[in-house]
Amino acid sequence: MNLKELYQEIILDHGKNPRNLGKFDNFNKDAKGHNPLCGDKVHLFLKLDENKKVNDISFEGEGCAISMASASIMTDLMKGKSEKDAKEIIEKFLDMIKEKDDIDTKLLEEDEKTKLMSLGGVKNYPMRVKCATLSWHALSSALEDFQKEVTTE
Amino acid sequence: MKIENIKKEFPIFNNKVQNNDLVYLDSANSSQKPLVVVDRIYDFYTKEFSNVGRSVHYLAVAATNLYENTRSAVQKYINAKHKNEIVFTKGATEAINLVANTFGQKYLKEGDEILLTELEHHSNYVPWHYLRKNKGIKINFAEIDEHGDISLEDIEKQITNRTKIIAITHLSNVTGAILPIKEITELAHSKGIPVLVDGCQSAPHMKMNMQDLDCDFYAISCHKMYGPTGLGVLYAKKKWLDDLPPYQGGGGMINEVKKDDISFGELPNKFEAGTMATAQVIAFNESINFLNKIGVENLVKHENDLLNYGEELLRKNNSVKLIGNPRKKGAVLSFTIDGIHPHDIATILDEDGVAIRAGHHCCQILHDKLGLTASARASLGVYNSKDDLDKLNESINNCKKIFNK
Ligand SMILES: Cc1ncc(COP(=O)(O)O)c(C=O)c1O
């Protein structure tokens, strides 16, 4: 059943108890994401250290289980990653959500990939793809230093 | 036509949607179409097609007559005084834009005020916002009470001596509140203020009587009224249509065109520039026919029974919260479920064949006021039954199960 695939335990868990929720003080990059169609919002906070490594990352936001879980899982696994690696992971994740069967990168552990793959259920729900990708686009724009709010439209 | 059998008139229900019988609870968004309307479009294109109002050949004259017949049918259905008070548009959105644009052009200047309500659909806010941008007009909002309702007093409070027009919904597409339009119009007119009514949600569900309401403008969306998409109606009192400048320029709406000047045509052509949605207009006559055959009294009773039944069901369902408890309510059941986002609700319900809408329903101001980013909405049409509402409730329970609620 597709629904079971979409609402896996891990998504319900992260959706209900999102990790890294809430702003922290000394962030040096941030970006907002907004899905105008459904009103989902995310505000991403990021601290890159002098070596351009993700020292800390968190988010504020409101949205469905998919978008909250996605932001929660993403922020968890971005900690400690270099800016360059983060960008590659974003790219590979977006590829997977759109079309690929798996996440083609050596930068993630298998269990991290498994977690991300659990979001792949949205493939069968085109209207929900944006829920899964919102926070990723926001992270991407924070890394690019775009000041503009990203929207999914 | 018996309402219990009405579903049979709608071919969409003959097909499964993703292997489910369709439980369509999204009529506030757009209604399904009865076969007579679909057939009419087919017949027109296959047997009768020609452009309207331009050529003298047989088909062109026949098409023009059919087109004008719908105008008369609409006039009768909404009890307008003159046939030429009916203007066809591409939708209610265009109808409101037409008024905001032309009325704004002629009558509004910096510092003038427009009064809306917090219930308004973006279609009845954004067109006025342009005037705020371009002309320095101020927009005021009558506030909802704790029931998601707006009374005559709530409107009165916000009227100032700079208020130049009041633009309000007849029936809220979120809280279902039915506003006392007749009283509001009376009050507004006593102060010399014209009233535009967004009738998108009321026209499919209530008896329409323009002469009794006495409002100046009334916008209708045909695709929510068992009619085709791409079509709306602007009702406007004749004095306004005579008085206001044309909205769009083009063929069909002119009188004389010279290199140094242009004079505009008479009503109704003045506001219908270019080739209109001819097939849709002609088919809309069948929608009106269809509604007349059911009888609006029967329709109102049927939908009221359903609304009460649905409210009762959802009230009894733990963790479901209904939005809005207005004095008079029409065909929508908006709700939230504790701990489950409306989008997740809509996706799960869809899997059971239950089609609802989730989001802010183009009413962000209202959702902000309610402290919500989104809500779920089940809305009713003439083809719905208590069965549909039972299925809605079952599916909500399924949703709660998935989320361990
Ligand atoms: C209250 C209200 N006003 C305006 C509109 C816009 O109508 P239309 O789709 O005909 O432009 C809608 C429909 O979405 C509506 O529900």
Side-chain angles (χ1 to χ4, degrees), chain A residues 1-18 21 32-43 59-73 97 118-135 138 149 151-153, chain B residues 17-20 26 29 121-123 125-126 173-174 319 323 334 336-377 394-405:
Chain A
M1 186 173 122
N2 286 337
L3 263 190
K4 282 245 164 65
E5 218 176 282
L6 186 63
Y7 292 105
Q8 295 178 29
E9 205 44 58
I10 171 162
I11 290 184
L12 293 176
D13 171 39
H14 276 265
K16 200 152 78 181
N17 306 303
L21 187 66
K32 286 180 178 171
H34 180 215
N35 182 346
L37 212 66
C38 58
D40 282 2
K41 276 185 185 145
V42 63
H43 192 171
F59 73 102
E60 283 178 341
E62 234 179 294
C64 62
I66 312 289
S67 76
M68 295 305 274
S70 185
S72 170
I73 296 171
I97 286 291
S118 70
L119 290 160
V122 297
K123 279 200 194 82
N124 299 319
Y125 299 85
M127 295 295 284
R128 306 300 304 276
V129 167
K130 290 167 179 174
C131 309
T133 58
L134 182 63
S135 55
E149 176 170 292
T151 78
T152 54
E153 291 306 292
Chain B
V17 176
Q18 298 196 75
N19 299 322
N20 283 304
D26 198 18
N29 190 349
H121 188 279
H122 295 167
S123 291
Y125 173 33
V126 184
N173 62 322
V174 178
S319 62
I323 297 172
S334 295
T336 55
I337 304 178
D338 279 340
I340 312 180
H341 192 276
H343 280 123
D344 297 316
I345 301 173
T347 295
I348 294 170
L349 264 55
D350 182 50
E351 206 79 3
D352 294 334
V354 180
I356 64 158
R357 183 163 173 192
H360 51 55
H361 322 300
C362 300
C363 291
Q364 247 181 309
I365 301 226
L366 177 61
H367 279 80
D368 281 350
K369 176 74 173 244
L370 296 168
L372 299 168
T373 53
S375 62
R377 179 185 72 188
E394 270 169 44
S395 194
I396 286 175
N397 287 335
N398 180 27
C399 196
K400 284 160 59 176
K401 212 183 296 159
I402 289 177
F403 274 77
N404 306 314
K405 293 280 161 192

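Note that these values count all heavy atoms, side chains included, but never hydrogens, waters or copies made by symmetry. Naming: A, B, ... by sequence-line order, numbering from 1 per chain.
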Measure the [atom1]-[atom2] distance between [X] and [Y] for me, rounded to the nearest 0.5 Å.
{"X": "D344(B)", "Y": "Y7(A)", "atom1": "CG", "atom2": "OH", "value": "3.5 Å"}
{"X": "N398(B)", "Y": "L3(A)", "atom1": "CG", "atom2": "CG", "value": "7.5 Å"}
{"X": "L12(A)", "Y": "I402(B)", "atom1": "CG", "atom2": "CD1", "value": "8.0 Å"}
{"X": "N404(B)", "Y": "K16(A)", "atom1": "CG", "atom2": "NZ", "value": "5.5 Å"}

#### Entry: More than 12 heavy atoms of other groups within 6.0 Å of K369(B) NZ
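Counting neighbours around NZ of K369(B), more than 12 heavy atoms of other residues, nucleotides or ligands fall under 6.0 Å, so yes.
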### Atom CD of Q364(B): over 12 foreign heavy atoms under 6.0 Å
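Check passes, neighbour count above 12.
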#### Entry: Flag, side chain of R128(A) to backbone of H343(B), donor-acceptor distance under 3.5 Å
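Between the backbone of H343(B) and the side chain of R128(A) there is a qualifying donor-acceptor contact (under 3.5 Å).
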#### Entry: Interface residue of largest heavy-atom contact number with chain A, from I348(B), I340(B), D350(B), I345(B), under 4.5 Å
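Ranked by heavy-atom pairs under 4.5 Å with chain A, first place is I348(B).
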### Min side-chain heavy-atom separation T373(B)-D40(A) under 4.5 Å
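Not touching, per the 4.5 Å side-chain cut-off.
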